[in-house]
Amino acid sequence: RTATQLVSTRHFRMVSEAKIVHTQFSRFARVAESVPELIRNHPMPLWAPHGQGRVDILLCKDEESFVRAGGSSGAVGWWDGHRNRALIRSDYFLAPPLRENSRLQPRADQGLLVHELVHMSMAGILQRLPPWFSEGVAEYFAVCHQGDGWYLFRDLESLVRDHLRWAVSRNKVGETYHLVPVGTLLGLDHPGWLRTAQTQFEGNAYRPYATALLLAHYHFHGGAARRDQVAAHLRKLHRLSPRSPTPDFPTEKADEIQRRLMKYWSSRGLQLAFTE
């Protein structure tokens with residue numbers, strides 16, 4: 001692999017195959033460094049990186065290069081836990097699809113970078129977490145990210161609602177957005193998650209991530225008792241020895257969660273249906 005650019009920060013070494021303007025490259029480095037600080041200081045005990053050295057972030061020039069480096073075909077970002085590095089498809093990252101009828105110039109999808117580096121920040125407990133939780137948490141912080149390492153947690157419902165209206169617009173029927181059922185996600189292991197994302201109707205791989213985002217919000221903001229229960233579970237995972245079995249994630253029955261999500265978001269301007 002021939003890198004065209006490289007920059008090192010406190011936690012990362014960013015390697016790019018694509019030519020990026022220096023000021024923009026510096027902004028990406030600032031976004032990357034914002035993630036460890038955010039996760040380390042978040043009230044939920046999520047911070048669990050592997051090792052102490054710098055983590056590589058590879059900005060691959062296209063899908064072929066991305067897959068050759070170890071990314072999954074069809075994905076645009078990938079956390080490689082075995083090699084402790086993040087892979088990003090720079091062709092998508094630098095010019096993601098615009099919202100319908102938008103006249104804006106394409107801007108780099110910094111949320112994609114945040115998503116993968118949240119996985120990095122949780123790497124030590126990632127394999128013990130259900131994929132809906134780890135992917136939902138990564139999306140949660142990506143949605144909160146407003147650009148250049150700045151995060152907004154006020155009016156979070158509006159951020160989530162507006163993001164989903166755009167991200168799953170292809171799955172809108174009338175005024176209703178169709179997402180993957182909660183019960184389906186709660187039963188998925190990591191290979192099953194990948195298959196589910198790859199086999200969505202019309203290729204809308206974001207549908208399971210949309211449900212996972214709502215589930216992360218539900219467990220973080222669904223009252224003190226639920227939040228404390230999740231925090232206690234995460235602390236338990238930090239203390240487990242490698243040979244210890246993984247305890248079940250504390251949550252409610254899928255049908256009950258789904259009913260609550262539909263009611264909650266309907267009152268906030270987001271009509272949901274959960275369909276296969």
Side-chain angles (χ1 to χ4, degrees), residues 42-44 46 115 118 122 128-144 152-234 236-237 246-276:
H42 193 268
M44 283 289 185
L46 298 166
H115 179 109
V118 170
M122 300 166 60
R128 291 188 181 272
L129 289 169
W132 65 262
F133 182 79
S134 55
E135 296 296 345
V137 169
E139 274 304 293
Y140 172 88
F141 287 113
V143 168
C144 292
L152 180 65
F153 294 93
R154 289 194 319 271
D155 199 18
L156 188 54
E157 286 82 2
S158 294
L159 291 178
V160 172
R161 180 194 64 214
D162 294 346
H163 173 75
L164 291 186
R165 282 176 174 172
W166 169 72
V168 291
S169 59
R170 284 184 292 174
N171 295 95
K172 182 181 179 184
V173 179
E175 295 302 315
T176 302
Y177 295 85
H178 289 250
L179 306 183
V180 174
V182 170
T184 298
L185 289 200
L186 295 189
L188 293 178
D189 58 12
H190 291 274
W193 174 276
L194 187 57
R195 287 193 300 273
T196 299
Q198 290 175 334
T199 57
Q200 288 302 303
F201 181 66
E202 293 186 347
N204 191 355
Y206 194 77
R207 280 210 328 145
Y209 291 88
T211 303
L213 169 61
L214 296 181
L215 286 172
H217 180 272
Y218 177 83
H219 286 86
F220 281 8
H221 299 278
R226 186 177 299 131
R227 188 166 54 248
D228 291 347
Q229 191 176 38
V230 173
H233 179 75
L234 293 171
K236 184 185 297 183
L237 296 187
T246 301
D248 291 336
F249 192 94
T251 192
E252 295 111 31
K253 292 182 178 180
D255 289 347
E256 180 64 19
I257 296 173
Q258 198 163 277
R259 184 188 64 79
R260 290 175 178 173
L261 290 178
M262 292 172 68
K263 181 179 179 180
Y264 181 89
W265 288 103
S266 176
S267 67
R268 288 158 178 80
L270 190 63
Q271 303 300 320
L272 299 174
F274 293 88
T275 56
E276 293 293 355

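For the numbers below, each heavy atom of this structure counts, side chains included, while hydrogens, waters and symmetry mates do not. Residues take their numbers from the sequence shown, with the count starting at 1. Because the structure is predicted, anything quoted here is derived from the model rather than measured.
The two residues Arg207 and Glu276 have their closest heavy-atom pair at NH2-C, 3.9 Å. Here the closest non-hydrogen pair linking Arg165 and Gly269 is NH2-O, 2.6 Å. Closest heavy-atom contact between Leu185 and Val180: CD2-CG1, 3.8 Å. Heavy atoms only, all atoms of each residue included: Ala197 and Pro208 are closest at CA-CG, 4.0 Å. What you find for Ala210 and Val168 is that their closest heavy atoms are CB-CG1, 3.9 Å. The shortest heavy-atom contact between Ala254 and Leu186 is CB-CD1, 3.9 Å.
Leu46 CG to Met122 CE: the interatomic distance, rounded to the nearest 0.5 Å, is 5.0 Å. Atom SG of residue Cys144 and atom CG of residue Leu156 lie 4.5 Å apart, to the nearest 0.5 angstrom. Considering OH of Tyr209 and OG1 of Thr196, their distance stands at 10.0 Å, rounded to 0.5 Å.
Every side chain to side chain donor-acceptor pair (under 3.5 Å) that His115 has, sequence neighbours left out, goes to His119, Glu135, Glu139. With sequence neighbours excluded, the residues satisfying salt bridge (Lys or Arg N to Asp or Glu O under 4.0 Å) with Arg226 are Glu252. Take Phe274 and apply the ring-ring contact (aromatic ring centres under 6.0 Å, His included) test, not counting sequence neighbours, and it matches no residue. With sequence neighbours excluded, the residues satisfying salt bridge (Lys or Arg N to Asp or Glu O under 4.0 Å) with Lys172 are Glu175. Asp248 is linked by a side chain to side chain donor-acceptor pair (under 3.5 Å) to nothing, counting only residues two or more places apart in sequence or in another chain. Partners of Thr176 by side chain to side chain donor-acceptor pair (under 3.5 Å), not counting sequence neighbours: none found. Legend: residues meeting side chain to side chain donor-acceptor pair (under 3.5 Å) with Glu256, ordered by chain and number and at least two apart, are Arg259, Arg260. Residues that satisfy the salt bridge (Lys or Arg N to Asp or Glu O under 4.0 Å) test with Glu157, not counting sequence neighbours, are absent from this structure. Evaluation of the ring-ring contact (aromatic ring centres under 6.0 Å, His included) rule for His190 yields no partner, not counting sequence neighbours. Partners of Thr246 by side-chain contact (heavy atoms from CB on, under 4.5 Å), not counting sequence neighbours, listed by chain and number: Arg128, Leu237. Residues forming a ring-ring contact (aromatic ring centres under 6.0 Å, His included) with His233 (at least two apart in sequence, or on another chain): Phe249. In this structure, Tyr177 has no ring-ring contact (aromatic ring centres under 6.0 Å, His included) partners at least two apart in sequence or on a different chain.
A ring-ring contact (aromatic ring centres under 6.0 Å, His included) with His217 is found for one member of Tyr140, Phe153, Trp265 and no other, namely Trp265. For the pairing with Gln258, the side chain to side chain contact (heavy atoms under 4.5 Å, CB included) check across Leu214, Thr211, Val182 returns one residue only, Val182. Among Leu213, Thr184, Leu261, Leu272, the one residue that satisfies the side chain to side chain contact (heavy atoms under 4.5 Å, CB included) test with Leu179 is Leu272.
More than 12 heavy atoms of other shown residues, nucleotides or ligands fall within 6.0 angstrom of atom CZ in Arg268.
The distance between the ring centers of Tyr206 and His163 falls below 6.0 angstrom. Ring to ring, Phe133 and His219 are not that close: their centroids are 6.0 angstrom or more apart.
Two residues are said to be in side-chain contact when any heavy atoms from C-beta on lie closer than 4.5 Å; Met262 and Ser266 fail this criterion. In this structure, the side chains of Leu188 and Arg195 stay at 4.5 Å or more apart for every pair of heavy atoms. At a threshold of 4.5 Å between non-hydrogen side-chain atoms, the residues Lys253 and Asp255 do not count as touching.
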